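Right, one structure below, let's go through it.
Quick caveat, the model's predicted, so the values are computed rather than measured. Remember, it's 1-based here, ligands and their atoms both numbered in the order they're listed.
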Amino acid sequence: MIAILGAGSLGRLWAATLPAGQVAFVPRPGQMPEPVRYQFHPTEGEAFCLSIPWLQSGDAPELLLVTTKAGDTLEALRSALPSIAEPIPIVLFQNGLGSQQQVTQVWPGRPVLAASTTEAANRPGAGGLVHAGTGQTWIGPLTDRARQSFKSVVGQLASSGLKVLPETDIMPRLWQKLVINAGINPFTALLNCRNGELPDQPFYRSHIDGVCQEAARIGAALSLETRTGPQLREQIEGVIKTTAGNVSSMLADARQGRPTEIRYINGWLADNGARLGIPTPVNQLLTERVESLLNRNH
Ligand code: NAD
Ligand code: KPL
């Protein structure tokens, strides 16, 4: 059985696509809820209804997928891990960087893996889950103990029918996704616009080069990046074109008054810039402004 911690959009996508009867969601402490029922809308074909049980005491999952938001991950794992056996591989699906390192610092002896996925799922209403776009999921080890198991984890997740690939060195893939998110997500949240509207926005045009130059310097200092700022901008603008109609995940969170993942994206760049002595005024500005959106809404 595969246990999934985080019964949100991405968790429900895996639950819907992995073989029926082999998944269960991990409850919060003290939670004794009904099974999670929802209507799944695949990218192709008819929608269908699902009922996913919660993990029961005595269940012995062979794999744990963690699909909480980055800021919730540590706390969620602190509650869940006492009932998950030490050798069970843990796959972290969080966007950005920082939450993965928090987990490996607290549990260095566990087999911890990270996933970088371009699958897209959202919940337009409480009872539905839309698989909004197919992509690829790269899985790679973060701790030494995960090195032996990561190819079999890829095999288990590939039984979903989603495209799942092994990646020995996962950090560069997490980094590349972070750069794309850093150049799109905060601007969409601050300007309240879809991805495709960004290139016409004066605020985006006056700050995107700063985001990219700062990211290029930090990535180079960490041996994660060889591209220049203008090359990063070109890649970001390619993604803006292919996702033009998207409401970014950060804008969706901001619109709903939910905490965003800014701390793990532009905030991670700003923190690492401070640590490395690389100035990051633009990433700092974007982090502060996105954080103040939440404060303003509460
Ligand atoms: P989401 O908010 O829809 O789901 C997160 C779920 O975690 C929620 O149901 C929440 O109740 C649950 N949760 C929070 N704290 C918990 C706890 N202590 N115990 C148990 N459950 C807890 O978010 P999402 O869109 O599914 O994204 C999850 C992660 O995956 C994020 O880091 C996101 O950036 C990344 N991601 C999402 C997508 C996508 O298409 N949705 C794609 C790529 C990456
Ligand atoms: O990953 C995304 C997100 O919204 O978080 C992008 C690539 C920006 C697509 O919307």
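The OG atom of Ser249 lies 6.5 Å from the CD1 atom of Ile265; values are rounded to the nearest 0.5 Å. To the nearest 0.5 angstrom, Gln22 atom CD is 6.5 Å from Ile2 atom CD1. We find the CD-OG1 distance between Glu119 and Thr137 to be 5.0 Å, quoted to the nearest 0.5 Å. Taking CD1 from Ile88 and OG from Ser83, the interatomic distance works out to 11.0 Å, rounded to the nearest 0.5 Å. The CD1 atom of Ile90 lies 9.5 Å from the CG atom of Leu5; values are rounded to the nearest 0.5 Å. To the nearest 0.5 Å, atoms CG (Leu198) and CD1 (Ile240) are separated by 4.5 Å.
In terms of protein heavy atoms, atom 23 (O) of ligand 1 is closest to Lys69 CE, 3.6 Å. Counting only heavy atoms of the protein, atom 17 (C) of ligand 1 lies nearest to Ala76 CB, 3.5 Å. Looking at atom 35 (C) of ligand 1, its nearest protein heavy atom turns out to be Phe93 O, 3.5 Å. Looking only at heavy atoms of the protein, atom 25 (O) of ligand 1 is closest to Ser9 CB, 3.7 Å. The shortest contact between atom 36 (N) of ligand 1 and any protein heavy atom is with Leu10 CD2, 3.8 Å. If you check which protein heavy atom lies closest to atom 7 (O) of ligand 1, you get Gly6 CA, 3.4 Å.
Minimum interatomic distance between Thr68 and Ala76 (heavy atoms only, all atoms of both residues): CG2-CB, 3.9 Å. Among all heavy-atom pairs drawn from Val154 and Val164, the shortest one is CG1-O, 3.7 Å. For the pair Arg147 and Pro141, the tightest heavy-atom approach, listed with the atom from each and the gap, is NH1-CG, 3.6 Å.
Only the side chain of Glu261 comes within 4.0 Å of ligand 1, counting heavy atoms alone; its backbone N, CA, C and O stay farther away. With a 4.0 Å cut-off on non-hydrogen atoms, Asp72 touches ligand 1 through its side chain and not its backbone. With a heavy-atom cut-off of 4.0 Å, Asn122 does not touch ligand 1 at all. The proximity of Arg258 to ligand 1, defined as any non-hydrogen pair under 4.0 Å, does not occur for either the backbone or the side chain.
At a 4.0 Å cut-off, not a single heavy atom of Arg12 sits close enough to ligand 1 to count as contact. Residue contacts with ligand 1 include Ala121, since one or more of its heavy atoms lies under 4.0 Å from the ligand. The closest approach between any non-hydrogen atom of Ala7 and ligand 1 is below 4.0 Å. Using a 4.0 angstrom heavy-atom cutoff, Glu75 does not count as in contact with ligand 1.
For Glu234, the CD atom counts as loosely surrounded, since its 6.0 Å shell holds 12 or fewer non-hydrogen atoms of other residues, nucleotides or ligands. Around atom CD of Glu75, no more than 12 heavy atoms belonging to other residues, nucleotides or ligands sit under 6.0 Å away.
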Kindly print each ligand 2 N/O atom paired with any protein N/O atom under 3.5 angstrom away, one pair per line, or none if nothing qualifies.
residue: ligand 2; atom: 1 (O); partner: Asn181; partner atom: ND2; Å: 3.1
residue: ligand 2; atom: 4 (O); partner: Ser249; partner atom: N; Å: 2.8
residue: ligand 2; atom: 5 (O); partner: Asn181; partner atom: ND2; Å: 3.4
residue: ligand 2; atom: 5 (O); partner: Asn185; partner atom: ND2; Å: 3.1
residue: ligand 2; atom: 5 (O); partner: Ser249; partner atom: OG; Å: 2.6
residue: ligand 2; atom: 10 (O); partner: Asn195; partner atom: ND2; Å: 3.0
residue: ligand 2; atom: 10 (O); partner: Asn246; partner atom: ND2; Å: 3.1

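Arg263 has a carboxylate O that lies under 4.0 Å from a charged side-chain N of Glu291, or vice versa, which qualifies the two as a salt bridge.
The distance from ligand 1 to the heavy atoms of Arg123 drops below 4.0 Å at these ligand atoms: 3 (O). The ligand atoms of ligand 1 that sit less than 4.0 angstrom from a heavy atom of Ala120 are 40 (O).
Taking the side chain as every heavy atom from C-beta outward, Gln94 and Tyr264 never approach each other to under 4.5 Å.
Considering each of Ser116, Gly8, Pro259, Ala132, the one bringing a non-hydrogen atom nearest atom 6 (C) of ligand 1 is Gly8. Which of Thr67, Thr117, Leu92, Leu5 comes nearest to atom 43 (C) of ligand 1 through a heavy atom is settled by distance: it is Thr117. Here the shortest heavy-atom distance to atom 42 (C) of ligand 1, taken over Glu119, Arg28, Gln94, belongs to Glu119. The option from Asn95, Thr118, Thr68 that lies nearest to atom 29 (C) of ligand 1, judged by heavy atoms, is Thr68.
For the side-chain contact (heavy atoms from CB on, under 4.5 Å) test with Arg110, the passing option among Leu77, Thr143, Val103, Leu81 is Leu81; the others fail.
Between Trp54 and Phe25, the ring planes are tilted. Angles from 30° to 60° get that label.
The ring pair (Phe, Tyr, Trp, His ring centres under 6.0 Å) test applied to Phe187 returns Phe203, Tyr204, not counting sequence neighbours.
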